[in-house]
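Side chains included, hydrogens not; waters and symmetry mates left out as well; all remaining heavy atoms used.
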Amino acid sequence: MQVAPVRPTTVTEATAADTPTRRSAALPATLPSVSTALRAVESLFLSAGQRTARRNAWTAVLEDRRRAKDRVEAEHVLEAASAATSHAT
């Protein structure tokens, strides 16, 4: 008994148009943002208390950065003011 040779099958235009595409049905209308995806992963790995602690820590980091920026700006203003008064005396 011999095995028949395998021939590649081709899809005709008529059959391709008749079959619905799965890709359009499988993909959501809009992709989630990066922050939404990270929060979903975070909820899988961290308990509620750990999530709250991590968010509080990140908020503290952002606040420290803001204060440091304000401090640098204040130093520049004070240096400019002291340089202006030293020329006047």
Find the distance between CD (Glu42) and OG (Ser47) and round it off to the nearest 0.5 Å. 10.0 Å
Shortest non-hydrogen contact from Trp58 toward Arg65: CH2-NH1, 4.0 Å
Could you walk me through whether Asp70 and Arg67 pass the salt bridge (charged side-chain N to carboxylate O under 4.0 Å, His left out) test, one step at a time? CA-CA 5 Å; Asp70 291 346; Arg67 280 194 217 114; over 6 Å; no
Looking only at non-hydrogen atoms, find the nearest pair between Ser43 and Ala40 and report the distance. OG-O, 2.7 Å
With rounding to the nearest 0.5 Å, note down the distance linking CZ in Arg39 to CG in Leu46. 13.0 Å
Value for CZ (Arg71) from NE2 (His76), rounded to nearest 0.5 Å, stands at 11.5 Å
